[in-house]
Amino acid sequence: MPDSISPTGTPNPKMTARNVSVYYGDKKAIDNVSIDVDRDNVTAFIGPSGCGKSTFLRTLNRMNDTIPSARVEGDIKLDGEDIYSSAMDVVQLRARVGMVFQKPNPFPKSIYDNVAYGPKIHGLAEGKVELDTIVERSLKRAGLWEEVKDRLTDSGTALSGGQQQRLCIARAIAVDPEVILMDEPCSALDPIATAKIEELIHELRGRYAIVIVTHNMQQAARVSQRTAFFHLGNLVEYGQTTDIFTNPRETRTKDYITGRYG
Ligand SMILES: Nc1ncnc2c1ncn2[C@@H]1O[C@H](COP(=O)(O)OP(=O)(O)OP(=O)(O)O)[C@@H](O)[C@H]1O
């Protein structure tokens, strides 16, 4: 990234990544990326297929640890704390930095248990009453409560795709995360379900730092305040979403947002 483009999105970032490279075996998928994640805004990662958006997103909660060939270099901090330090409890980290995937993946359990599972294993509830409160609050924040409150014992997998994705968001919210990572959360959803998730992202902004990977540039423009454009493993440009879409500094960004490739 040219020096003229600061990786610093904000004076008080929630997460900072500095000189991050990711390899799969010998292949470098992310090359020396530095970026800040703003705590009060939604950050979108955009770029053509295979540019490394998902790979970089997964470095933010060490999801790449689950891929044996993956190796991460560089420095990533959450509120100043090195998330790759040997002292970091990865299970705890993934509760603090939650993730929502492309394909909704509820557990084959009841709607209630999908949301209650995390708080139970993390010891966040003293008893049933407190657990019920967390489940209700999480489902409300995920915009799903009204649709499921009378059938909490039904299986999560019996919901529609859009409802399942909101259930997965409720599941992430239930453990009181600080950051929510979303990896193309709408790509398996129809336009109405997509609109609901986008609305939800607006509502959650400010309460959680949110990072969303999306193929859909209109979506990035609608939901985010910061946009990072990746190309061939490089961070080409990062800035205010309005600037990226109306006045990009880099030719590669301009070519991508005007549909010249990708
Ligand atoms: N588990 C893996 N093992 C080996 N190579 C991988 C793995 N996951 C991703 N890659 C490679 O790393 C590069 C970046 O992939 P990544 O999925 O991060 O890109 P992306 O921008 O998210 O793409 P898409 O938009 O198509 O999901 C690609 O060349 C891809 O083939």
Side-chain angles (χ1 to χ4, degrees), residues 1 5 7 15 17-35 37 42-76 83-84 90 93-94 97-105 161 165 168-169 172 179-189 194 197-198 201 209-224 226-239 241 244-245 248 250-262:
M1 196 169 60
I5 304 167
M15 298 192 77
R18 291 293 176 270
N19 307 111
V20 172
S21 294
V22 185
Y23 300 81
Y24 293 109
D26 294 336
K27 186 176 171 286
K28 202 176 204 177
I30 285 291
D31 185 16
N32 202 28
V33 167
S34 297
I35 200 169
V37 173
V42 178
T43 303
F45 291 171
I46 63 167
S49 188
C51 68
K53 308 177 291 292
S54 300
T55 297
F56 185 68
L57 187 79
R58 289 193 299 258
T59 65
L60 300 177
N61 70 347
R62 292 185 53 174
M63 220 49 170
N64 285 320
D65 287 12
T66 62
I67 302 170
S69 68
R71 182 164 58 83
V72 177
E73 282 177 357
D75 176 72
I76 301 183
I83 69 165
Y84 282 85
V90 181
L93 172 69
R94 293 193 189 132
V97 184
M99 194 153 196
V100 175
F101 298 88
Q102 190 165 351
K103 211 169 150 276
N105 60 347
Q165 198 58 307
C168 293
I169 293 172
V179 183
I180 303 178
L181 309 176
M182 299 186 176
D183 195 353
E184 299 195 36
C186 303
S187 63
L189 306 181
T194 296
I197 300 280
E198 290 185 5
I201 292 171
I210 296 174
V211 186
I212 178 172
V213 165
T214 177
H215 260 116
N216 180 328
M217 284 182 279
Q218 286 79 18
Q219 178 167 77
R222 283 193 298 265
V223 304
S224 76
R226 302 263 185 279
T227 295
F229 170 61
F230 288 83
H231 186 233
L232 298 174
N234 297 296
L235 176 61
V236 174
E237 188 163 353
Y238 177 48
T241 297
I244 298 286
F245 284 98
E250 299 290 319
T251 311
R252 278 187 290 172
T253 315
K254 194 171 175 179
D255 286 351
Y256 182 68
I257 63 162
T258 55
R260 224 164 282 176
Y261 63 89

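Since the model is a prediction, treat every value here as computed from it, not as a measurement. Ligands are counted one by one from 1 in listed order, and the atoms in each one are counted from 1 as well.
- Protein heavy atom closest to atom 16 (P) of ligand 1, with residue, atom name and distance, is Thr55 OG1, 3.5 Å.
- Protein heavy atom at the shortest distance from atom 27 (O) of ligand 1 is Glu184 OE2, 3.7 Å.
- Legend: residues meeting side chain to side chain donor-acceptor pair (under 3.5 Å) with Arg58, ordered by chain and number and at least two apart, are Tyr24, Asn64.
- A cation-pi arrangement is present between Arg62 and Tyr84 under the rule of less than 6.0 angstrom and at most 45 degrees off the ring axis.
- For Gln102 (side chain) and Ser187 (main-chain N/O), no donor-acceptor pair under 3.5 Å exists by modelled atom type.
- Of the protein's non-hydrogen atoms, the one nearest atom 25 (O) of ligand 1 is Lys53 NZ, 2.8 Å.
- Other residues, nucleotides and ligands contribute at most 12 non-hydrogen atoms within 6.0 Å of the NZ atom of Lys254.
- Looking from atom 19 (O) of ligand 1 to the surrounding protein, the closest heavy atom is Gly52 N, 3.2 Å.
- Not a single donor-acceptor pair under 3.5 Å links the side chain of Asn234 to the backbone N or O of Val236.
- Residue-level proximity to ligand 1 for Ile67 is carried by the side chain, the only part with a heavy atom below 4.0 angstrom.
- Of the options Arg222, Glu184, Gln219, a side-chain hydrogen bond (donor to acceptor under 3.5 Å, both in side chains) to Thr214 is made by Gln219 and by none of the others.
- A perpendicular orientation is assigned to the rings of Phe230 and Phe45, their planes being inclined by more than 60° (bins at 30° and 60°).
- Counting heavy atoms only, Tyr24 comes closest to atom 10 (N) of ligand 1 of the residues Tyr24, Tyr23, Phe45.
- Selection from Pro68, Gly50, Ser54 by nearest heavy atom to atom 22 (O) of ligand 1 gives Ser54.
- Looking only at heavy atoms of the protein, atom 26 (O) of ligand 1 is closest to Ser49 OG, 2.6 Å.
- Between Gln102, Lys28, Lys27, it is Lys27 that holds the heavy atom closest to atom 31 (O) of ligand 1.
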